[in-house]
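Read through the structure below, which is laid out as structure tokens, and then see the notes.
What's counted below: heavy atoms across the whole structure, side chains too, no hydrogens, waters or symmetry copies. This one's a predicted model, so the numbers in the text were calculated from it and none came from an experiment.
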Amino acid sequence: MRFVLTLILAIVICAVSVADDRDITINIYNDGFSQVTEGRRVNITKGEDVISLDDIAVKLDPASIDVRSNKFDIRTIDYQYDLICGERIYQKYLGENIEYKKDDSLYTGKLLSYDDDYLYIASNIYKGGVFIYERKDFEYIKLPDIPAELITQPQIQVTIDSKATGSGEITLSYLTGGLSWHTEYHLIYDGGKSADLSARVNFVNECGVAFPNADIILVAGQVEREEATSGSAEQAVSGTAVKAREAKLEPLVDYHRYRLPFRVTIGERENKQAYMFEQPEIEVEHYYKYEWSETKSDVKAMISFKNDKTSGLGLPLPAGRMNIFDKKTGSFLGSGMFEGTPSGEKAEIYLGTAFDITAERKRIEHKKIGRNRNSDTFEIKIRNHKSESVMVIVAEELYGYWDIVSESDDFIKKDFQNIEFNLIVKPGQEKTLTYSVEYSY
């Protein structure tokens, strides 16, 4: 079945133009919503007037809409989202005459009702006759006109009271879903103590409108927010790289704001990348880490760096995916989620499971030394099958009130229940670590 009016309207909807007079700033939060603020110039008439604002997000929260101006008084803000679609047009034409083509013949009749599969039509030829047609059997349905109440895109209509005729500036602000960001890091590792690090922000725009030449501010942090109010236009409807410059960190209470130093055009239904920063030759440390668990205890290959100004960084790094490549060959080494690191802290990146470093851990002794006190002795063997010495960090998690009473190697207390041993294992050798701990509970 072809729906003639809908087919024509689909062309109109796809040809939506983007206003070029919008001065757009977008705060994009990392939990799925954004705050859009636009400066617009509008023409106004003295007295009561109505201003129509289009090119707005389909997924906006209507209760968050705010319009301000120092040129006139605002009386009401009316958000209209009754968008044209097949079902809404059928609904508007209930009880009206329509024209339809079936079996190469044209008919007219009154549309009485409809559902997903059938149309119920009172014939204009056979008096009193009501026909039930399968919708798929129609070649097309022709409706006389577009219902006046339906619109092709959501609009905000602002009723104002102006003391003069002319033009004026307004500021439009609203919250919307459908526009998100995440960080993609690229670490180019030289195999030694140096790496190149770059960060790219990846935008995904599914909010129903394009944002030309927008000032982008990325906000990292968990924001408390109630669910959006009902009535968005979404409910009414059944990557190009940018030149690299460093993002600027700005304060915002307990959140971090990263303002991109260039404006970005984000198209509708577009996935785009923009560079946040690019820092060559940061100093890195390559080592291995062994964390025993009952399910899996492989040795992990790790890279770390200090997030400070000495490294050429020193800004809070938001969470994101870390992609690691070999600098000599360009080969992809692996990727994983990077939890983010505050300024001044150590960033640790998991490269993958070590092939040439193996570990074996067992409890070799357990004793009850008091009513509420036990003693355990552990033995951990690290074997290095590589041709050079490696550093292996053995991380152990303890419980209760504990005290290390003997150890073969020095340890570092990380917090109340975690300790680490830093071991140097020579090529082709096995290193054995033992320690005894007493627990009370």
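- Of all heavy-atom pairs spanning E283 and F305, the tightest one is O-CB, 3.4 Å.
- Checking each of I382, I380, N384 against V392 for a side chain to side chain contact (heavy atoms under 4.5 Å, CB included) leaves exactly one that passes, namely I382.
- Within 6.0 Å of the NZ atom in K367, the count of heavy atoms belonging to other residues, nucleotides or ligands does not exceed 12.
- When all heavy atoms are compared, the tightest approach of L94 to S113 is CD2-CA, 3.8 Å.
- With E365 contributing its side chain and D376 its backbone, the two residues share no donor-acceptor pair below 3.5 Å.
- Under the side chain to side chain contact (heavy atoms under 4.5 Å, CB included) test applied with R40, the options V67, L53, T171 reduce to a single match, L53.
- To the nearest 0.5 angstrom, E268 atom CD is 10.5 Å from E206 atom CD.
- Although no hydrogens or angles enter the test, the distance criterion places a donor-acceptor pair under 3.5 Å between the side chain of S343 and the main chain of G314.
- I56 places none of its side-chain heavy atoms less than 4.5 Å from the side chain of V209.
- Between N213 and R263 the shortest heavy-atom distance is O-NH1, 2.9 Å.
- Within 6.0 Å of atom NZ in K327, more than 12 heavy atoms from other residues, nucleotides or ligands are found, so the atom counts as buried in its surroundings.
- Within 6.0 Å of atom NZ in K362, 12 or fewer heavy atoms from other residues, nucleotides or ligands are found, so the atom counts as exposed in its surroundings.
- A distance-only check finds a donor-acceptor pair linking the side chain of S408 to the backbone of T434 [under 3.5 Å].
- For the pair S375 (side chain) and E438 (backbone), a donor-acceptor distance under 3.5 Å is absent.
- E184 and H182 form a side-chain donor-acceptor contact under 3.5 Å, judged by distance and modelled atom types alone.
- One finds no salt bridge joining R41 and D23 here, because no Lys/Arg side-chain nitrogen approaches an Asp/Glu carboxylate oxygen to under 4.0 Å.
- When side chains are defined from C-beta on, Y441 counts as touching N374, because their heavy atoms get closer than 4.5 Å.
- Annotation: the span from I349 atom CD1 to S335 atom OG amounts to 12.0 Å, rounded to 0.5 Å.
- Side-chain contact check for R363 versus F378: some heavy-atom pair is nearer than 4.5 Å.
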For N202 and V204, what are the C-alpha separation, side-chain angles and deciding distance, and is it a side chain to side chain contact (heavy atoms under 4.5 Å, CB included)?
CA-CA 7 Å; N202 195 86; V204 179; 3.8 Å; yes
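- In this structure, CD1 in I393 is found 5.0 Å from OH in Y287, a value given to the nearest 0.5 Å.
- Within the model, atoms OG of S304 and OH of Y350 stand 16.0 Å from one another, a figure rounded to the nearest 0.5 Å.
- Inter-residue side-chain proximity for F277 and L313 is flagged as met; some heavy-atom pair is nearer than 4.5 Å.
- Once rounded to the nearest 0.5 Å, the distance linking OG of S180 with CD1 of I28 reads 8.0 Å.
- Put simply, the side chain of Y174 gets close to the backbone of A57: a donor and an acceptor are under 3.5 Å apart.
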Would E348 and K300 satisfy salt bridge (Lys or Arg N to Asp or Glu O under 4.0 Å), going step by step from the backbone distance to the final call?
CA-CA 12 Å; E348 192 173 55; K300 300 176 181 178; over 6 Å; no
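- Outside the 6.0 Å centre-distance limit, the rings of Y435 and F411 are not counted as a close aromatic pair.
- Taking the six-membered ring where tryptophan is involved, the planes of Y288 and H286 are tilted, since the angle between them lies from 30° to 60°.
- Looking at S311, its side chain does come within 3.5 Å of a backbone N or O of K306 through a donor-acceptor pair.
- Between N205 and G267, the shortest heavy-atom contact is ND2-O, 2.9 Å.
- Between the side chain of S34 and the backbone N or O of L179, at least one donor-acceptor pair lies under 3.5 Å.
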Assess whether side chain to side chain contact (heavy atoms under 4.5 Å, CB included) is satisfied between N43 and I51, documenting all intermediate values.
CA-CA 8 Å; N43 295 320; I51 300 171; over 6 Å; no
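- Shown here is E281, whose CD atom has no more than 12 heavy atoms of other residues, nucleotides or ligands within 6.0 Å.
- Counting heavy atoms from C-beta outward, N372 and S440 have side chains that stay 4.5 Å or more apart.
- Annotation: F416, atom CZ; neighbour count of heavy atoms from other residues, nucleotides and ligands within 6.0 Å does not exceed 12.
- Around atom CG of D410, no more than 12 heavy atoms belonging to other residues, nucleotides or ligands sit under 6.0 Å away.
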Determine whether Q35 and Y29 satisfy the following criterion, side chain to side chain contact (heavy atoms under 4.5 Å, CB included), listing intermediate values before the conclusion.
CA-CA 8 Å; Q35 179 187 22; Y29 294 79; 4.1 Å; yes
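- The 12-atom threshold is not exceeded at CD of E339, counting heavy atoms of other residues, nucleotides or ligands nearer than 6.0 Å.
- The two residues I424 and S389 have their closest heavy-atom pair at CG2-CB, 4.4 Å.
- You'll find the side chain of F33 stays beyond 4.5 Å of the side chain of K59, heavy atoms only.
- Considering every non-hydrogen atom in both L218 and F203, the closest pair reads CD2-CE2, 3.7 Å.
- Atom CD1 of I216 sits about 9.5 Å away from atom NZ of K272, to the nearest 0.5 Å.
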Go through L317 and M276 one step at a time and tell me if the side chain to side chain contact (heavy atoms under 4.5 Å, CB included) criterion holds.
CA-CA 10 Å; L317 300 179; M276 292 180 67; over 6 Å; no
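- Residues E345 and N307 fail the side-chain proximity criterion, which asks for heavy atoms closer than 4.5 Å.
- For the pair Q157 and S52, the minimum side-chain heavy-atom distance is below 4.5 Å.
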